[in-house]
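Because only heavy atoms are used, hydrogens play no part in the values below, and waters and symmetry mates are left out as well, while side chains stay in. Note that ligands are numbered from 1 as they come in the structure, with each ligand's atoms numbered from 1 the same way.
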Amino acid sequence: MIRVGVNGYGTIGKRVADAVAAQSDMELVGVTKTSPDYGAETAVRRGYDLYAATGDRPAAFADAGFEIAGSLGDLLDVVDVVVDCAPAGIGERNRPTYEAHDTPAIYQGGEDGDIADASFNARASEPLCDRDDLESLRVVSCNTTGLSRLLAPLDETYGVEKARVTLVRRGGDPSETDRGPINDVVPDPATVPSHHGPDVNTILPSVDVDTAALRAPVTGMHTHSVNVTLEAAPDTAAVRDLLRGESRLFLIPERAGLDGAGALKDYAADIGRGRGDLWENCIWEESISVEGRDLYLFQNVHQEADVVPENVDAIRELASDASREESMARTDEALGVGLDSLLSGQGPSPDQIVADD
Ligand code: NAD
């Protein structure tokens, strides 16, 4: 059993905790909280031991009626791996504590690339030759995860000459009441190319990719408009088949009526996904088209969820000798990753909708 602690129980941490608890080869020892709020209640209701993330507030937990199992240091002393899910930049501050306790750590994409021994995506990262000596990994951001999963099979099969991606990013997560914009679409960063392309290169160093990013007043998912110039000129059907064969890519069938993030999240909740989570890239099947060597498609990425299976695989990468393929299969089976709509590949498509704007 791999004993795991989660430091930071917010948007990503609570999902990683649930995903770890669902793995038969892992034990979730506990999660940390900075304050005794509804997140602490959620952890307790799910049966997770609570640890105090910082040393200055144990009395606040006691006052709120929460029993604390110990400090972050206590947690670090009894786990094989800690998954840092603190806000962006705080992982860097937590790193000396993990190192002092000699606890291998996984960081998130909000940290700089050099925080860890390597950046990680289970499908796309190159094999790490010094795996036995690994002390840390950084699971790349939600956008980088979504792009890496897509570009890896394309590069392996056809060769990527150049990828150009426009990312329309959600303004904030649903629980982030202080984020925005609320009535605008904002270039962010306004400089082009954006930092997302270089982040993809921490996973796929040889893929030429330029990105431009905007922020939009939505909370559900990021949307990517993708153009990849391939080295070969496959037909559209072949590319659709290739992408359909990837367990963490979901090709949205045209006849499902899933026209945006709202419908996708609704669908996920309806089919029983906890929190309406979509761990897979969601690619509109009819958007996948090849013109000469140019591939075009639209995909949506659920920013709160797509990195979660990658964190589980990163834990195995650090603390076991399971291969990537074994780990991904195990993670996918335990969580139920791999959407397969009953409406995929059957029957006639609805008529083309005419653009009116
Ligand atoms: P969040 O703010 O939702 O959760 C962070 C949690 O950590 C909060 O509960 C906060 O109280 C707690 N915390 C604060 N200081 C802490 C400390 N010193 N030690 C331990 N915990 C502390 O943030 P998030 O969205 O879950 O992001 C976590 C990381 O994941 C960031 O690096 C972020 O960039 C990355 N990430 C976020 C998303 C997303 O869309 N939310 C997607 C992919 C990656």
For ligand 1, note which part of H222 has a heavy atom under 4.0 Å away: side chain, backbone, both or neither.
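None of H222 does.
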How does C142 reach ligand 1, if at all, at less than 4.0 Å between non-hydrogen atoms: by side chain, backbone, both, or neither?
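Both backbone and side chain.
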Report yes or no: do T211 and S194 form a side-chain donor-acceptor pair below 3.5 Å?
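There is such a pair between these side chains.
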Do R169 and Q303 have a side chain donor and acceptor closer than 3.5 Å?
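No donor-acceptor contact under 3.5 Å links the two side chains.
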For atom CD of E231, is the number of surrounding heavy atoms from other residues, nucleotides or ligands below 6.0 Å larger than 12?
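More than 12 within 6.0 Å, yes.
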E156, CD: over 12 other non-hydrogen atoms inside 6.0 angstrom:
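Counting other residues, nucleotides and ligands, CD of E156 exceeds 12 neighbours.
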What residue and heavy atom of the protein are closest to [atom], and at what distance?
| atom | answer |
| --- | --- |
| atom 20 (C) of ligand 1 | N7 OD1, 3.3 Å |
| atom 29 (C) of ligand 1 | A86 O, 3.4 Å |
| atom 2 (O) of ligand 1 | P87 CG, 4.2 Å |
| atom 41 (N) of ligand 1 | D173 OD2, 2.6 Å |
| atom 42 (C) of ligand 1 | Q303 O, 3.0 Å |
| atom 5 (C) of ligand 1 | C85 O, 3.4 Å |
| atom 21 (N) of ligand 1 | G8 CA, 3.4 Å |
| atom 38 (C) of ligand 1 | I12 CD1, 3.6 Å |

With the threshold set at under 4.0 angstrom, would you say R170 reaches ligand 1 through any of its heavy atoms?
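Heavy atoms of R170 do come under 4.0 Å of ligand 1.
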Honestly curious: do [X] and [Y] fall in one hydrophobic cluster under the side-chain, below-4.5 Å linking rule?
| X | Y | value |
| --- | --- | --- |
| V312 | V139 | yes |
| V239 | V209 | yes |
| L154 | L249 | yes |
| I203 | L128 | no |

May I ask you to check whether [X] has an N/O atom sitting below 3.5 Å from an N/O atom of ligand 1?
| X | result |
| --- | --- |
| T34 | yes |
| Q108 | no |
| G110 | yes |
| S141 | no |

In ligand 1, which numbered atoms sit nearer than 4.0 Å to a non-hydrogen atom of [X]?
| X | value |
| --- | --- |
| I90 | 17 (C), 18 (N) |
| Y9 | 9 (O) |
| A53 | 19 (N), 20 (C) |

I'd like to know if the side chain of R3 reaches the main chain of V81, judged simply by a donor and an acceptor atom lying under 3.5 Å from each other, with no hydrogens or angles considered.
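Flag not set: sc R3 to bb V81 has no pair under 3.5 Å.
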Does this structure show an ion pair linking R248 with E310, if we count only N-O contacts that are shorter than 4.0 Å?
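Counted as a salt bridge, because a side-chain N and a carboxylate O are separated by less than 4.0 Å.
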Would you call the rings of Y107 and Y98 parallel, tilted or perpendicular, where under 30° means parallel and over 60° means perpendicular?
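Plane angle between 30° and 60°, so tilted.
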